Structures are given as C-alpha cells and as structure tokens.
Colleague: 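Sharing a structure below in structure tokens format, with a few things to ask.
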Amino acid sequence: MHNVTGEQAEKHGLTLREYIVLSALDKTPGLTQGELGKSLSLDKSTLMSQLDRLEHRGLVVRHNAPHDRRIRIPVITESGEAVRAKVAETSAAAEASVLDGFSQDHIASLRHMLFAIIGDSEDRGSCL
C-alpha cells in the first residue's frame, strides 16, 4: 500500500511525503509547524523544505500564530485539498481491490492488529 499510495501521489504531481503532509494538515488542522513535524516524525529542515515546495505550488499557506508571530501554522488550501482528496480516493480504491478477497471480519482483524502495532488514530487503517 505504501508503494501504491506513492504511485497515486506521483500521478497527481506529489511525492508520497508531500501527500502525507497534506493528509496530516487535513486531519489535524491548526497544528504549528513544530507540532506537525513532531506528529510526522520529521526534522525541522525536512518539514520546512516540504512546506516550502507545497506553498510554492499553492497547496499550502502559512499563517502567523495569533499569540506569537514567530510561530507559523501551515494550512491546506482548496487546491491542496483537491489534490489530496484525489490521491486519497485512488489509494482507497487500490486498497479496496487488494483487500477484495477478504471478508469484512478478516479486514477488521487486520486493522485491529495494525492499530495495536502503530497505535490508534482517526485514520480508518490505511498504511499511512
């Protein structure tokens, strides 16, 4: 699924990491750059280069935090959300085709095991 999602992201002009950043901004809006980096386990320079590229393409904007102008809050734009949604849709279709031969009980068990390994989240169980 990691490879499939990466391929779908590339078809829409994103790297897998850019898609992951956009997905994190969609799922948890309002994070500061530092909080976003921590949640994605990305160091500051890696995250900044990702955000710079996404901002340059109009997929993300960064605002100053109201309580501290030194703190920046990245926000996904409408264009960024549109691209993120397309990749999510095509990745979900690919995931569904891979899991097509399994019963809903087996899929639920797989997701339960994955959550036990990686921790609970709002994500419905994709590899990301």
Side-chain angles (χ1 to χ4, degrees):
M1 284 311 305
H2 184 271
N3 290 339
V4 167
T5 302
E7 290 169 7
Q8 295 306 316
E10 288 177 12
K11 286 181 183 178
H12 292 89
L14 297 174
T15 65
L16 179 59
R17 187 175 285 158
E18 289 169 338
Y19 171 68
I20 292 170
V21 170
L22 289 176
S23 294
L25 293 174
D26 176 64
K27 289 191 180 296
T28 52
L31 294 178
T32 66
Q33 290 179 161
E35 293 166 337
L36 179 63
K38 186 178 271 188
S39 73
L40 296 175
S41 299
L42 293 176
D43 64 69
K44 184 178 178 176
S45 55
T46 300
L47 178 62
M48 291 308 111
S49 65
Q50 296 296 310
L51 290 173
D52 287 345
R53 283 194 292 278
L54 291 167
E55 189 171 42
H56 180 72
R57 294 179 51 206
L59 305 177
V60 167
V61 294
R62 290 183 261 194
H63 302 289
N64 292 329
H67 63 282
D68 188 342
R69 293 182 322 162
R70 295 170 295 172
I71 297 174
R72 308 278 290 182
I73 300 173
V75 177
I76 191 170
T77 64
E78 283 186 34
S79 297
E81 173 53 24
V83 172
R84 186 214 58 80
K86 286 178 189 173
V87 175
E89 182 180 328
T90 56
S91 295
E95 180 179 309
S97 72
V98 168
L99 297 175
D100 188 43
F102 296 96
S103 72
Q104 289 302 314
D105 287 342
H106 283 122
I107 294 169
S109 294
L110 172 63
R111 291 187 196 290
H112 177 76
M113 287 185 281
L114 291 173
F115 282 140
I117 294 167
I118 63 172
D120 196 11
S121 78
E122 291 182 20
D123 190 287
R124 40 179 214 69
S126 71
C127 65
L128 302 174

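Hydrogens, waters and symmetry mates are skipped; everything else that's a heavy atom, side chains included, is used. Just so you know, these numbers come straight off a predicted model, no measurement behind them.
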Colleague: Looking only at heavy atoms, what is the nearest atom pair of Leu36 and Pro74, with distance?
Modeller: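 Answer, listing the atom of Leu36 first, then Pro74: CD2-CG, 3.9 Å.
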
Colleague: Treating Thr90 as the side-chain partner and Val87 as the backbone partner, does any N or O pair qualify as donor plus acceptor under 3.5 Å?
Modeller: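 Yes; at least one donor-acceptor contact below 3.5 Å.
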
Colleague: Should Leu110 and Phe102 be regarded as members of a common hydrophobic cluster, given that ILVMFWY residues are connected when their side-chain heavy atoms come within less than 4.5 Å of each other, either directly or indirectly?
Modeller: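 They do share one cluster, since a chain of ILVMFWY contacts under 4.5 Å joins Leu110 to Phe102.
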
Colleague: Residues in salt bridge (Lys or Arg N to Asp or Glu O under 4.0 Å) with Glu81, at least two apart?
Modeller: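 Listed in chain order: Arg84.
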
Colleague: side-chain contact (heavy atoms from CB on, under 4.5 Å) between Gln50 and Ile20: does it pass, once the steps are laid out?
Modeller: CA-CA 10 Å; Gln50 296 296 310; Ile20 292 170; over 6 Å; no

Colleague: Is it true that Leu31 and Met48 fall in one hydrophobic cluster, defined by side-chain heavy atoms closer than 4.5 Å?
Modeller: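 Result: yes, single cluster for both.
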
Colleague: List the steps and the verdict of side chain to side chain donor-acceptor pair (under 3.5 Å) for Asp105 and Ser103.
Modeller: CA-CA 5 Å; Asp105 287 342; Ser103 72; 5.1 Å; no

Colleague: In terms of hydrophobic clusters joined by side-chain contacts under 4.5 Å, are Val83 and Val61 together?
Modeller: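 No: no chain of side-chain contacts under 4.5 Å links Val83 to Val61.
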
Colleague: Which value, rounded to the nearest 0.5 Å, describes the distance between Leu59 atom CG and Ile76 atom CD1?
Modeller: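 Between Leu59 CG and Ile76 CD1, I get 7.5 Å after rounding to 0.5 Å.
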
Colleague: Taking the side chain as C-beta and beyond, is there a heavy-atom pair between Arg72 and Thr32 under 4.5 Å?
Modeller: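 Not in contact.
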
Colleague: Return the CE to CG distance between Met1 and Leu99, rounded to the nearest 0.5 Å.
Modeller: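 Going from CE on Met1 over to CG on Leu99, the span is 7.5 Å.
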
Colleague: Among Val21, Val75, Leu25, which residue satisfies the side chain to side chain contact (heavy atoms under 4.5 Å, CB included) criterion with Val60?
Modeller: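 With Val60 as partner, Val21, Val75, Leu25 yield a single side chain to side chain contact (heavy atoms under 4.5 Å, CB included), made by Leu25.
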
Colleague: Say whether, by atom type as modelled, one donor and one acceptor occur between the side chain of Thr77 and the main chain of Gly58 under 3.5 angstrom.
Modeller: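 Side chain of Thr77 to backbone of Gly58, a donor-acceptor pair under 3.5 Å: yes, one is there.
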
Colleague: For the residue pair Arg57 and Leu14, establish whether any side-chain heavy-atom pair is separated by less than 4.5 Å.
Modeller: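 They are in side-chain contact.
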
Colleague: Val4 and Ala94: which non-hydrogen atoms are nearest, and at how many Å?
Modeller: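 Shortest heavy-atom contact: CG1-CB, 3.2 Å.
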
Colleague: Give, for atom OG of Ser91 and atom NZ of Lys86, the distance between the pair rounded to the nearest 0.5 Å.
Modeller: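 The OG atom of Ser91 sits 13.5 Å away from the NZ atom of Lys86.
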
Colleague: With Glu7, which residues qualify under side chain to side chain contact (heavy atoms under 4.5 Å, CB included), at least two apart?
Modeller: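 Per chain and number, Glu7 pairs via side chain to side chain contact (heavy atoms under 4.5 Å, CB included) with no residue.
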
Colleague: A quick test of your reading: do over 12 heavy atoms of other residues, nucleotides or ligands sit less than 6.0 Å from CD of Glu89?
Modeller: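 Count not over threshold, so no.
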
Colleague: Closest heavy-atom contact between Ala9 and Tyr19?
Modeller: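 Of all heavy-atom pairs spanning Ala9 and Tyr19, the closest is CB-CB, 4.1 Å.
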
Colleague: Could Arg111 and Glu95 be called an ion pair, given the rule that one side-chain N must be under 4.0 Å from one carboxylate O?
Modeller: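 Yes, this pair counts.
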
Colleague: Given the rule that I, L, V, M, F, W and Y join up when any side-chain heavy atoms are under 4.5 Å apart, are Leu51 and Ile73 in one cluster?
Modeller: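 Shared cluster, no.
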
Colleague: Please name all residues satisfying side chain to side chain contact (heavy atoms under 4.5 Å, CB included) with His56, sequence neighbours left out, ordered by chain then number.
Modeller: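 For His56, no residue satisfies side chain to side chain contact (heavy atoms under 4.5 Å, CB included) once neighbours in sequence are set aside.
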
Colleague: Is there side-chain contact between Leu42 and Arg17, with at least one heavy-atom pair below 4.5 Å?
Modeller: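 They are in side-chain contact.
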
Colleague: Measuring from atom CD of Gln33 to atom CZ of Arg62, what distance do you get when rounded to the nearest 0.5 angstrom?
Modeller: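 If we round to the nearest 0.5 Å, Gln33:CD and Arg62:CZ are 5.0 Å apart.
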
Colleague: How long is the straight-line distance from CG of Leu16 back to OG of Ser23, given to the nearest 0.5 Å?
Modeller: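 Answer rounded to 0.5 Å: 9.0 Å.
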
